[in-house]
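We count residues from 1, following the sequence as given.
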Amino acid sequence: MDVLLTPRESARFIAENSQDVFIDSEGVRRVAELLLAKASGPELRVEGWKTLHELNPRAADEAAVNWVFVVDTLNFSFWSERDEHKCLVTYKGKTYSGYWSLCAAVNRALDEGIPITSASYYATVTLDQVQHIFRSDTDVSMPLIEERHRILNETGKILLEKFGGSFINCIRKSEKSAQKLMHLVVENFPSYRDVTQFEGKRISFYKRAQILVADTWSVLEGKGDGFFKDISSITMFADYRLPQILVYLGALKYSNELLKKLLKGEMLSYGDKQEVEIRGCSLWCVELIRDCLLELIEKKGEKPNGEINSILLDFYLWDYARDHREDMEGIPFHRTRCIYY
């Protein structure tokens with residue numbers, strides 16, 4: 001069988017062979033300069049995961065880790081067919097959409113006494129219960145709800161059988177290695193196997209497995225069970241929002257043919273050549289931005305407030321995309337409906 005390239009190797013190979021998506025080196029530098037202003041602030045620190053987002057757990061304990069595991073197991077496909085038709089969840093007087101609607105629904109369920117973060121509960125949860133837990137304030141339900149139900153059952157059973165029902169036991173088997181944890185997740189939980197083909201090679205993005213490692217690191221504040229000696233080996237998480245913001249910032253460019261397709265709202269299948277190019281080039285683009293940012297920091301002779309890695313750049317750019325959504329109206333995101341992102 002062909003060798004399976006790591007997400008970083010995959011991204012480099014895709015960027016070198018891409019025909020419809022291109023990385024702009026001037027744009028890469030401009031984004032690195034934008035980030036340089038943030039390098040000493042809270043936005044590019046592991047603590048920002050908690051301090052900047054009210055729905056994330058405040059604690060750094062086993063319950064918080066199990067919250068992260070459930071949320072990342074269901075962290076896929078939130079985009080709406082039309083902007084005015086969205087799944088919305090109101091929690092504590094505030095209404096959330098997209099990924100945050102998932103987090104709000106999980107927190108609402110916990111407040112209602114539903115043990116949604118307990119493997120013994122979600123291993124046997126019914127579709128009706130899942131539909132109730134993730135109910136929307138609008139008549140637009142959360143996308144792929146049957147898939148979410150199937151994946152919760154499958155994942156809960158595996159967590160009970162192999163890891164005593166708690167994700168903390170999986171983390172402890174990783175021996176402080178982010179790569180080992182990512183591979184443990186991918187090997188044991190089928191829904192995390194974000195793998196496809198490109199130009200005759202087997203490539204991986206592992207979007208949800210990598211974000212699970214990153215969120216574990218963040219919720220545990222990089223300490224204790226959350227310390228990983230190789231955390232910088234985790235790349236950005238190739239989804240549909242990050243490419244959009246990278247195009248907006250001028251670091252990524254699309255061919256006219258691809259742009260026309262995206263502006264028409266045409267769907268791209270998972271594994272489609274152009275879909276793979278968008279994800280791979282955006283991943284490699286963030287690696288180049290990080291390298292450029294680290295060079296700029298070194299030139300200034302400054303010391304950042306801690307580790308600057310692709311995880312923190314992804315978190316920052318993803319938030320930046322949400323804050324600049326209106327400015328990005330003319331820049332389409334790619335539409336792919338799947339369980340991997």
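- Hydrophobic clustering, with ILVMFWY side chains joined whenever heavy atoms are under 4.5 angstrom apart, groups Met236 together with Phe333.
- There is no side-chain donor-acceptor pair under 3.5 Å between Gln19 and Ser255.
- Sorted by first then second residue, the ring-ring contact (aromatic ring centres under 6.0 Å, His included) pairs that include residues 257-279, not counting sequence neighbours, are Tyr270-Tyr340.
- Ring pair Tyr122/Phe69: centre-to-centre distance not below 6.0 Å.
- The CD atom of Glu277 sits 4.5 Å away from atom CZ of Phe198, with the distance rounded to the nearest 0.5 Å.
- Here Ser97 contributes atom OG and Leu102 contributes atom CG; the two are 12.0 Å apart, rounded to the nearest 0.5 Å.
- The pair Lys273-Glu199 meets the salt-bridge criterion, since a charged nitrogen lies less than 4.0 angstrom from a carboxylate oxygen.
- To the nearest 0.5 Å, the span separating CG on Leu220 from CD on Glu62 amounts to 10.5 Å.
- Expressed to the nearest 0.5 Å, how far CG of Asp239 lies from CD1 of Ile278 amounts to 11.5 Å.
- Considering Trp100, Phe315, Tyr96, Trp318 as possible partners of His53, the one that fulfils the ring pair (Phe, Tyr, Trp, His ring centres under 6.0 Å) test is Trp100.
- The two residues Cys338 and Phe76 make their nearest non-hydrogen contact at O-CD1, 3.7 Å.
- When the shell of 6.0 Å around CG of Asp327 is examined, it contains more than 12 heavy atoms from other residues, nucleotides or ligands.
- Residues in residues 95-117 take part in these salt bridge (charged side-chain N to carboxylate O under 4.0 Å, His left out) pairs, two or more places apart or across chains: Glu112-Arg135.
- With 3.5 Å as the limit, one finds a donor-acceptor pair spanning the side chains of Asn107 and Trp67.
- Each of Met182 and Phe227 belongs to its own hydrophobic cluster when Ile, Leu, Val, Met, Phe, Trp and Tyr are linked at side-chain heavy-atom distances under 4.5 angstrom.
- In terms of modelled atom types and a separation under 3.5 Å, the side chain of Asp194 and the main chain of Lys207 share a donor-acceptor contact.
- Of all heavy-atom pairs between Ile23 and Cys281, the closest is CD1-O, 3.5 Å.
- His149 is not listed as a side-chain neighbour of Gln129, based on a closest heavy-atom distance of 4.5 Å or more.
- Both Val195 and Val276 belong to a single network of hydrophobic side chains, linked directly or stepwise wherever heavy atoms of I, L, V, M, F, W or Y lie under 4.5 Å apart.
- Within the structure, every pair that satisfies the salt bridge (charged side-chain N to carboxylate O under 4.0 Å, His left out) test and touches residues 26-41, not counting sequence neighbours, is listed here: Arg29-Glu33, Lys38-Glu43.
- Applying the salt bridge (Lys or Arg N to Asp or Glu O under 4.0 Å) criterion to Asp20, with sequence neighbours excluded, gives no partner residue.
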Would you tabulate the side-chain donor-acceptor contacts of residues 139-147 under 3.5 Å, counting partners in other chains and residues two or more places apart, or write 'none'?
from: Glu147; atom 1: OE1; to: Arg150; atom 2: NH2; distance (Å): 3.3
from: Glu147; atom 1: OE2; to: Arg150; atom 2: NE; distance (Å): 3.2

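- Sequence neighbours left out, the pairs with a member in residues 219-228 that pass side-chain hydrogen bond (donor to acceptor under 3.5 Å, both in side chains) are Lys50-Glu221, Arg172-Asp225.
- Scored by the salt bridge (Lys or Arg N to Asp or Glu O under 4.0 Å) test, Asp314 finds no partners at all (sequence neighbours excluded).
- Between the side chains of Tyr91 and Ser101, no donor-acceptor pair is found at a separation under 3.5 Å.
- Met328 and Leu35 fall within a single hydrophobic cluster, where Ile, Leu, Val, Met, Phe, Trp and Tyr are joined by side-chain heavy atoms under 4.5 Å apart, directly or via other members.
- Take Lys94 and apply the salt bridge (Lys or Arg N to Asp or Glu O under 4.0 Å) test, not counting sequence neighbours, and it matches Glu54.
- In this structure, Phe228 and Ser233 have side chains that are not in contact, with every pair of non-hydrogen atoms separated by 4.5 Å or more.
- Here the CG atom belonging to Leu268 is positioned 7.0 Å from the CG atom belonging to Leu258, to the nearest 0.5 angstrom.
- Under a 3.5 Å cut-off, the side chain of Tyr240 and the backbone N or O of Phe78 do form a donor-acceptor pair.
- A donor and an acceptor atom, one from each side chain of Asn66 and Ser166, are located under 3.5 Å apart.
- Leu52 and Leu312 end up in different hydrophobic clusters when Ile, Leu, Val, Met, Phe, Trp and Tyr side chains are linked at under 4.5 Å.
- At distances below 3.5 Å, at least one donor-acceptor pair connects side-chain atoms of Asp137 with backbone N or O atoms of Thr90.
- Using cut-offs of 30° and 60° for the angle between ring planes, the Tyr248 and Tyr320 rings count as tilted.
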Name the atoms and distances for all side-chain donor-acceptor pairs under 3.5 Å in residues 283-296, with sequence neighbours left out.
from: Glu287; atom 1: OE1; to: Arg8; atom 2: NE; distance (Å): 2.6
from: Glu287; atom 1: OE2; to: Ser310; atom 2: OG; distance (Å): 2.7
from: Arg290; atom 1: NH1; to: Ser232; atom 2: O; distance (Å): 3.3

> Please walk me through it: do Arg279 and Ser10 pass side chain to side chain donor-acceptor pair (under 3.5 Å)?
Replying inline: CA-CA 10 Å; Arg279 295 183 79 201; Ser10 299; over 6 Å; no
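- Sorted by first and then second residue, the pairs that involve residues 178-190 and meet salt bridge (charged side-chain N to carboxylate O under 4.0 Å, His left out), not counting sequence neighbours, are Glu175-Lys180.
- Between Thr73 and Phe167, every side-chain heavy-atom pair lies at or beyond the 4.5 Å cut-off.
- When all heavy atoms are compared, the tightest approach of Asp72 to Arg208 is O-NH1, 3.0 Å.
- The environment of Arg337 atom CZ is dense: over 12 non-hydrogen atoms of other residues, nucleotides or ligands sit within 6.0 angstrom.
- The side-chain tip of Arg241 does not point at the ring of Trp79 from less than 6.0 angstrom away and within 45° of straight on.
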> Could you walk me through whether Leu317 and Leu249 pass the side chain to side chain contact (heavy atoms under 4.5 Å, CB included) check?
Replying inline: CA-CA 10 Å; Leu317 290 167; Leu249 293 170; 4.0 Å; yes
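- Ring pair Tyr341/His334: centre-to-centre distance below 6.0 Å.
- Looking only at distances, a side-chain donor or acceptor of Lys176 sits under 3.5 Å from a matching main-chain atom of Gly224.
- When atom types are taken as modelled, the side chain of Arg193 and the backbone of Val186 share a donor-acceptor pair closer than 3.5 angstrom.
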Give the table of side-chain donor-acceptor pairs shorter than 3.5 Å for residues 155-163, with sequence neighbours excluded, one pair per line with atom names and distance.
from: Thr155; atom 1: OG1; to: Ile151; atom 2: O; distance (Å): 2.7
from: Lys157; atom 1: NZ; to: Ala123; atom 2: O; distance (Å): 3.2
from: Lys162; atom 1: NZ; to: Asn188; atom 2: OD1; distance (Å): 3.0

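- Judged purely by distance below 3.5 Å, without hydrogens or angles, the side chains of His132 and Asp128 never pair a donor atom with an acceptor atom.
- Checked against side-chain hydrogen bond (donor to acceptor under 3.5 Å, both in side chains), Lys229 has no partners two or more places apart in sequence or in another chain.
- Salt-bridge formation is detected for the pair Asp24/Lys253: a Lys NZ or Arg NE/NH1/NH2 atom is positioned less than 4.0 Å from an Asp or Glu carboxylate oxygen.
- Interatomic distance, Lys92 NZ to Leu55 CG, rounded to the nearest 0.5 Å: 9.0 Å.
- When atom types are taken as modelled, the side chain of Gln210 and the backbone of Thr235 share a donor-acceptor pair closer than 3.5 angstrom.
- At least one donor-acceptor pair under 3.5 Å links the side chain of Ser204 to the backbone N or O of Leu5.
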